[in-house]
Amino acid sequence: DTGVSQDPRHKITKRGQNVTFRCDPISEHNRLYWYRQTLGQGPEFLTYFQNEAQLEKSRLLSDRFSAERPKGSFSTLEIQRTEQGDSAMYLCASSLGFMEGSKNYGYTFGSGTRLTVV
Amino acid sequence: DAKTTQPPSMDCAEGRAANLPCNHSTISGNEYVYWYRQIHSQGPQYIIHGLKNNETNEMASLIITEDRKSSTLILPHATLRDTAVYYCIAHLSGGNTPLVFGKGTRLSVIA
């Protein structure tokens, strides 16, 4: 297991199209997070899962955004009817959901999917 | 999570120690101080975390004041590859709230 994988790395889409991003977390991590990052800002939290349960989704930016983690493994983030303001880097991270003494290394992030809406 | 305050930018000469400060005066007793960094076009990378005691690993050292209201991340011998944005986050480890990132400190290591 080499870390958190995100696919695709880059996506260019026309305004109004739907896009879907995939995230494969570290296999033993039970928590999976989605963040969005725009230029010059820190990552902004969107939603997270513990196993297949979506525990927080109030931060999703609008009802055009949705996320799934159907079997508690990989996750997808979908944006419907994309707008130019959706252009950003979308980051996925995974973690253990409990503290294991000094072995808790926090979140492991993927390299992100850069979305450009034209 | 408690709010943290960091300078927006810092410079450091290559080979010298980089000392990145962070204020977290409202940190609660069970919140850890986490440091992450983000190199251009990559996702954030975990560096180190601590609760009360100073911590050291192969990447950095974390010095936390006795009152826990501030901390300093130390990169002992900065290299050009350490140029990145460094984020200090007060966070309840394993809790139900996600990491909340601020704008961080942009560290430029200069040859």
In the single-linkage hydrophobic clustering (I, L, V, M, F, W, Y; side-chain heavy atoms under 4.5 Å), do [X] and [Y] co-cluster?
X	Y	value
Leu46(A)	Leu115(A)	yes
Leu60(A)	Phe49(A)	yes
Tyr86(B)	Tyr36(B)	no
Tyr32(B)	Val100(B)	no
Leu75(B)	Met59(B)	yes

Problem - Separation of Thr97(B) OG1 from Phe45(A) CZ (nearest 0.5 Å) - result: 9.5 Å
Heavy-atom neighbours of [X] [atom1] exceed 12 at 6.0 Å:
X	atom1	answer
Ile12(A)	CD1	no
Arg15(A)	CZ	no
Leu39(A)	CG	no
Glu78(A)	CD	yes

Handout entry: Tyr35(A) side chain reached by Pro44(B) side chain, heavy atoms, under 4.5 Å
Key = no
Practice task
Could you check if a side-chain atom of Tyr107(A) sits within less than 4.5 angstrom of a side-chain atom of Pro98(B), using non-hydrogen atoms only?
Solution key: yes
Handout entry: Heavy-atom pairs under 4.5 Å with chain B, option from Gln37(A), Gln6(A), Met89(A) with the top count
Key = Gln37(A)
Exercise for the section: With a 4.5 angstrom heavy-atom cut-off, could you sort out which part of Gln38(B) is near chain A: side chain, backbone, both or neither? Expected result: side chain
Fill in the blank from the handout: Those residues of residues 101-111 of chain B that come under 4.5 Å of chain A on a heavy-atom basis, listed by number, are Phe101(B), Gly102(B), Lys103(B)
Practice task
Name the region of Gln41(A), side chain, backbone, both or neither, that has any atom closer than 4.5 Å to a heavy atom of chain B.
Solution key: both
